[in-house]
Protein chains: 2
Amino acid sequence: MAQTQTLSKNQKIILDIIEKAKEPLKAYSILFNVQKKGIKAPLQVYRALAKLIKLGKIHKVESRNAFVACQNSNCEISKATAFSICETCEKVTEISDQKLSKYLKNFHDKTGMIYKKYNLEFYGLCTTCKRS
Amino acid sequence: MAQTQTLSKNQKIILDIIEKAKEPLKAYSILFNVQKKGIKAPLQVYRALAKLIKLGKIHKVESRNAFVACQNSNCEISKATAFSICETCEKVTEISDQKLSKYLKNFHDKTGMIYKKYNLEFYGLCTTCKRS
DNA sequence: TAACAAACGTTATATTATAACACTATGATA
DNA sequence: TATCATAGTGTTATAATATAACGTTTGTTA
């Protein structure tokens, strides 16, 4: 909550749009949507996105180059993201599964590498598309 | 093996370069590397990449827009990819961990969605960069 | 209020990826 | 062997995604 206050004008505008969207938004579609509010250049959007990602407010769906609001009340979960993506309708849902995140947070490979973050994307058919 | 035979000329050239590379290659760096072999346009590269991905010969590292040869003797593992990525030196390694892949293949969310594929990317510090 | 960090605005440009169209090879199969 | 489908090719143009570089403004804090 306190963190919300520290958002800048552009960051607020852009977070707002992403939170209200029902699907992941692309950077240039965000740009188009905020032009009436005075944000004119891609860089203004990308800068806000970068900050919001850092804060855990939003995530990037890497395979789609799109951005979604965090559904898990941000914080450290921003370093541990998992999505399910329907390849038919492109619906994207953030997975919030304690067991899964615990499993992945504790995962270590054989080399001894230190993992600070992960991003997992599942692709498949959502229940709606499965039926049709 | 039999599958290797079915690769087209361009597909072979591009697979060859990716297999010989020690790191993930970007599409346009591949393009640059194959221009002497007569491949002149981005689309020729992207088409070969798409086919090679379909065959499981290579994978795309989504967060880096880069392509690596599959280390797990391709096949169905192409639908189940996991990478470790060093955020300092950008070294990328394909993770081959039976337990992990079994766990993820069996993962089901609450909605009943069918997962056909997944891609997991861990980010952190490799053992070399950890020391310095 | 000086000094610094973070955010801003702007122009230009780099990077990644696909559309559209015409042509060519390959290998069934009738 | 004609012909049909499928996959691949080559090319031009363009779309979509993202960052560099510069100078200015704002907000915090010593």
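Residue numbers start from 1 in every chain, and the chains themselves are labelled A, B, ... in the order their sequence lines are given, proteins ahead of strands.
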Quiz item: With a cut-off of 6.0 Å (strictly less than), are more than 12 heavy atoms of other residues, nucleotides or ligands near NZ of K102(A)?
Solution: no

Practice problem: Please determine, for the side chain of S8(A), which listed nucleotide (dA7(C), dT19(D), dT10(C)) has the closest atom? | Solution: dA7(C)

Quiz item: Of all the nucleotides listed (dT9(D), dT12(D), dC8(C)), which has the minimum atom distance to the side chain of R47(B)?
Solution: dT9(D)

Quiz item: Between R64(B) (CZ) and dT19(D) (P), how many Å, whole number?
Solution: 11 Å

Quiz item: So which nucleotide from dA18(D), dG9(C), dA17(C) ends up closest to the side chain of P42(A)?
Solution: dA18(D)

Exercise. Check the distance between dA7(C)'s P and L7(A)'s CG and give it to me in whole angstrom.
Key: 9 Å

Exercise. Would you tell me if any nitrogen or oxygen in the side chain of K26(B) comes within less than 4.0 Å of OP1 or OP2 on dA14(C)?
Key: no

Self-check item: Protein-nucleotide distance (K37(A), atom NZ; dG9(C), atom P), rounded to Å
Solution: 14 Å

Quiz item: Is L49(B) close to I30(B) at the side-chain level, that is, under 4.5 Å between some pair of heavy atoms?
Solution: yes

Quiz item: Between F32(A) (CZ) and dA16(D) (P), how many Å, whole number?
Solution: 13 Å

Quiz prompt | Worked verdict on L104(A) versus L100(B) for side-chain contact (heavy atoms from CB on, under 4.5 Å) | solution = CA-CA 9 Å; L104(A) 292 174; L100(B) 176 66; 3.9 Å; yes

Practice problem: Give a yes/no on whether any side-chain N or O of K40(A) is located under 4.0 angstrom from OP1 or OP2 of dG9(C). | Solution: no

Quiz item: Out of dG8(D), dA17(C), dG9(C), which has the shortest distance to the side chain of K51(B)?
Solution: dG8(D)

Practice problem: Nearest whole angstrom, please: distance from the P of dT12(D) to the OH of Y46(B). | Solution: 18 Å

Self-check item: Considering all heavy atoms, the nearest V68(B)-I18(B) contact
Solution: C-CG2, 3.6 Å

Exercise. Specify the separation, in whole Å, of atom CG of L31(A) and atom P of dC8(C).
Key: 14 Å

Practice problem: Note the angle between the end axes of the helix from dT1(C)-dA30(D) to dA30(C)-dT1(D), five pairs defining each, rounded to 10 degrees. | Solution: 40°

Quiz item: Would you find more than 12 non-hydrogen atoms of other residues, nucleotides or ligands less than 6.0 Å from K40(A) atom NZ?
Solution: no

Quiz item: On DNA chain D, nearest-nucleotide positions of N65(B) versus L43(B): which is more 5'?
Solution: L43(B)

Practice problem: Could you tell me whether I39(A) contacts a base, only the sugar-phosphate backbone, or nothing, with contacts defined as non-hydrogen atoms closer than 4.0 Å? | Solution: nothing

Quiz item: Can you tell me if the side-chain N/O atoms of Q44(B) get under 4.0 Å from OP1 or OP2 in dG10(D)?
Solution: yes

Self-check item: Touch class at under 4.0 angstrom, heavy-atom based, for K54(B) against every strand present
Solution: nothing

Quiz item: Can you check salt bridge (charged side-chain N to carboxylate O under 4.0 Å, His left out) on R64(B) and E121(B), steps first, answer last?
Solution: CA-CA 10 Å; R64(B) 299 302 190 258; E121(B) 299 182 5; 5.6 Å; no

Quiz item: dA7(D) phosphate, OP1 or OP2: any side-chain N/O from N10(B) under 4.0 angstrom?
Solution: no

Quiz item: For the side chain of Y28(A), counting heavy atoms from C-beta on, which of dT12(D), dG9(C), dA18(D) is nearest?
Solution: dA18(D)

Quiz prompt | Backbone of A69(A) reached by a side-chain donor or acceptor of Q71(A) within 3.5 Å | solution = yes

Quiz item: How far apart are the closest heavy atoms of M113(A) and S84(B), and which atoms are they?
Solution: SD-OG, 3.6 Å

Quiz item: Given dA6(C), is OP1 or OP2 found less than 4.0 Å from the side-chain N or O atoms of K9(A)?
Solution: no

Quiz item: When the distance from CG of L25(B) to C1' of dA17(C) is rounded to whole Å, what number comes out?
Solution: 17 Å

Exercise. Could you tell me the separation between the CD atom of E62(A) and the P atom of dT16(C), rounded to a whole number of Å?
Key: 14 Å

